[in-house]
Structures are given as C-alpha cells and as structure tokens.
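Just below is one structure, and these are the notes that go with it.
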There are 2 protein chains.
Amino acid sequence: MSQKGAGVDLETSLGYLLKEASSALRAAMEEVLRPLGMTVTHYSCLELLAQRPGLSNSELARGTFVTRQSMNVLLQALERDGYVTRPAEAPVGKALPARLTPRGRRSLEKATVAVRSVELRMLAGMTETEQSEAFRLLKSMTHSLHGGNDAT
Amino acid sequence: MSQKGAGVDLETSLGYLLKEASSALRAAMEEVLRPLGMTVTHYSCLELLAQRPGLSNSELARGTFVTRQSMNVLLQALERDGYVTRPAEAPVGKALPARLTPRGRRSLEKATVAVRSVELRMLAGMTETEQSEAFRLLKSMTHSLHGGNDAT
DNA sequence: CAAGCTATGTCAGAATGCTGACATGAGTCA
DNA sequence: TGACTCATGTCAGCATTCTGACATAGCTTG
C-alpha cells in the first residue's frame with residue numbers, strides 16, 4: 001500500500017541512509033545478543049572494557065554514546081552480577097577504574113563471536129578498498145559534525 | 001586520562017564508526033531542533049509525511065525506525081496539537097492515512113532548513129563522487145544486514 | 001464459504017535512557 | 001592560601017521507547 005510515491009527525497013539523503021544502516025546494525029546485534037541474555041549497551045560496555053581496562057564510568061559512557069548516569073546504572077548491575085569490579089576508593093580523583101572479572105571476560109567472549117559475525121555479514125560484498133573508503137568517509141562525516149568545519 | 005591504550009580494535013570497526021557517526025548526526029539534529037521545540041522523531045515523522053502524504057501509522061513507524069506503538073503516541077500528540085489529521089474511519093482496512101495540516105507544514109518548513117544545514121555540514125569536505133560512494137556503501141551495508149547474503 | 005494468516009490500531013505495563021541536582025576531588029589563578 | 005572552574009560519581013524524577021496483548025479488517029486457501 002502507498003507504494004505509489006516512492007523515491008522522493010529521503011532516498012537521496014545520506015543522513016537518512018546513515019540512520020537506516022545504524023538501525024539495521026543495532027537490530028542485527030540485538031538479534032544475536034538476545035540468546036546470550038545481553039543487550040547492545042551491555043556488550044558495548046564489556047567490549048570497551050576489554051580493550052581498555054581501567055576506564056572510568058564517564059569514559060565508558062562517552063565510548064558507548066550514553067550519559068554517564070545511564071552507564072552508572074549499567075555498571076552497578078554489571079558489578080552486582082560479577083562481570084566487572086571497581087575499587088571502593090578512587091586511586092586518584094573520583095574516577096573509579098573498572099575492570100572485567102574472569103566471568104565478565106568469559107561472557108564477553110561468546111558475545112564477541114556473535115557480534116563479529118554480524119559485522120562480517122555487514123561487510124559482505126565489500127572489497128578491502130571499499131571498506132577502507134567507508135571507514136574514511138564515516139570518519140569525515142563524524143568529524144565534520146563535531147564542530148569541525150574542514151574535513152580532510 | 002587513560003589515553004594510554006589508544007587505537008585498539010574499536011578504532012578499526014566499521015560498526016563502531018557507524019554508530020559514532022549516527023550518534024553525532026542525531027546529536028547535531030537535536031541541537032538545531034531544540035530551539036524549535038521539536039524532537040528528531042517528531043521532525044522525521046513530519047518530513048516523511050510531507051514527502052509521502054497519506055502514510056499510515058505503521059508505515060510511518062517503519063520509515064522512522066520506531067515501533068508502531070511509539071509512533072502511535074507521537075501521532076496522537078501531533079494530531080492533538082493540530083500538526084496532522086487522520087480520518088475518523090479507515091477508507092480501507094484499518095490503516096488511517098495521515099496528512100499534514102497547514103500548521104504542520106509551516107512547522108516543518110523551519111525544521112527542514114535547520115536539518116538541511118546539519119546535513120550540509122556533515123557533507124562538508126566530501127566531493128560529489130565521495131558522497132555517491134558513501135551512499136552506495138551505506139546501501140550495501142544495510143542490504144547485507146537485512147538477511148541478504150550477496151551485495152552488489 | 002469458513003478457517004487461517006497477516007497487518008493494523010490501540011491500550012497497558014515495563015524497561016531504558018535522559019535531565020536536573022548535589023557533593024566531592026583536582027587543577028588554575030590571583 | 002582561597003576562590004574559581006571543571007570533571008566525576010551518584011541519586012531522584014521524568015520522558016521516551018519497547019514488549020505484550022487484544023480486537024478487527026482484508027487476503028488467501030482449502
């Protein structure tokens with residue numbers, strides 16, 4: 001129904017396409033993570049922590065694109081369930097460096113395999129050169145949006 | 001702080017970059033739409049309706065990447081505030097075709113200008129060719145994620 | 001024609017994320 | 001040293017979106 005007025009302007013908007021691609025990626029990730037009882041933000045937090053041990057709550061929030069308040073409730077849950085640990089006292093300042101527990105690492109391993117399969121599917125049909133080009137173009141868009149006026 | 005372990009693997013993940021770009025775009029749109037008292041979903045709904053008059057609630061939901069339940073509450077608010085109209089009875093089936101009111105059209109006009117400026121900023125520094133390439137690559141990613149195995 | 005399937009609109013409750021606010025620790029500067 | 005600014009962790013309340021559920025309309029199929 002209503003397929004009459006197809007292809008107007010949304011079809012030519014990179015912004016719309018970006019949202020569409022991002023939405024598809026998120027949906028695909030949710031699909032493979034659900035059997036593992038894990039959400040996308042949940043996974044993102046663990047992955048970030050695996051690659052950069054000792055990140056603080058605020059840093060994790062920035063890395064996963066949520067507020068530090070949202071990350072805080074997630075971290076408390078992850079800590080309560082034994083996936084991450086944080087010292088009772090801050091070694092410096094107020095920032096509490098978080099680290100994965102062995103349990104968190106095990107849980108992440110399975111999730112990483114699942115998510116990697118999604119990323120591979122997304123890249124299917126793209127040559128190495130095209131992937132590099134996509135990488136470069138996405139970087140350019142992000143940079144231009146972040147207050148930057150000139151892009152490389 | 002913790003800038004030590006920079007550039008691990010997240011920096012090479014197209015999925016992460018896609019989320020980063022999408023997040024930056026959304027933030028930029030929120031920033032320019034806030035002075036107009038409009039949210040991103042709000043705007044997306046109006047824009048979609050302007051380009052394809054008569055779309056139903058479910059169709060609008062798919063076009064804006066939210067559930068039809070979420071779109072329903074938004075549509076009811078927009079209808080209550082006089083931005084869109086829907087017939088009391090469905091002309092066919094259960095789908096209620098929605099249309100912009102003059103007020104909705106006026107409201108959209110200002111928003112469109114604001115959003116276009118964001119999109120232009122995002123495309124700054126990209127040549128026509130690069131934009132076409134970004135377009136093609138995003139399409140490929142989305143298509144591959146939607147169950148498709150082969151990409152053009 | 002009847003049964004089944006799909007899509008739609010809608011209501012209600014739950015989950016998730018965000019804004020506002022406050023106190024604290026560290027660096028800056030006069 | 002003291003005032004100022006900034007970043008952080010955290011609590012509370014609010015907003016938005018999602019999941020679950022139900023009734024209905026139209027199409028399909030035997």
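These numbers come from the heavy atoms of this one structure, side chains and all, not from hydrogens, waters or symmetry mates. Source: prediction; values computed, not measured. Here is the naming used below: chain letters follow the sequence lines, and residue numbers restart at 1 for every chain.
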Arg86(B) CZ - dT8(C) C1' separation (whole Å): 11 Å

Crowding at CD, Glu31(A) (>12 non-hydrogen neighbours, <6.0 Å): no

Residue pair Val40(A), Arg26(A): steps toward the side chain to side chain contact (heavy atoms under 4.5 Å, CB included) verdict: CA-CA 7 Å; Val40(A) 174; Arg26(A) 186 178 187 88; 3.9 Å; yes

Shortest non-hydrogen contact from Glu119(B) toward Gly15(A): OE2-N, 3.3 Å

Interatomic distance where CG belongs to Leu96(A) and C1' belongs to dT10(D) [whole Å]: 11 Å

Protein-nucleotide distance (Leu60(B), atom CG; dT10(C), atom P), rounded to Å: 12 Å

Spacing between Glu89(A) atom CD and dG9(D) atom P, to the nearest angstrom: 14 Å

Test item: Thr101(A) side-chain N/O and Gly82(A) main-chain N/O as donor-acceptor pair under 3.5 Å: yes

Parallel, tilted or perpendicular, as decided by the 30° and 60° cut-offs, for the rings of His42(A) and Tyr83(A): perpendicular

Nearest-nucleotide pick for Asn57(A), side chain only, options being dG9(C), dT10(D), dC11(C): dT10(D)

B/S/- contact track for nucleotides 16-25 of chain D, protein heavy atom under 4.0 Å: -SBBBB-BBS

Distance in angstrom units between Glu79(A) CD and dG9(D) C1', rounded: 12 Å

Leu55(A) CG - dA7(D) P separation (whole Å): 17 Å

Atom-pair distance (CD on Gln76(A); C1' on dT10(D)), nearest Å: 7 Å

For Ala50(B) against Leu108(B), the heavy-atom pair lying closest together: CB-CD2, 3.3 Å

Ser58(A) side chain, from C-beta outward: closest of dT10(C), dG9(C), dG9(D): dG9(D)

Integer-rounded Å distance: dT8(D) P and Glu59(A) CD: 7 Å

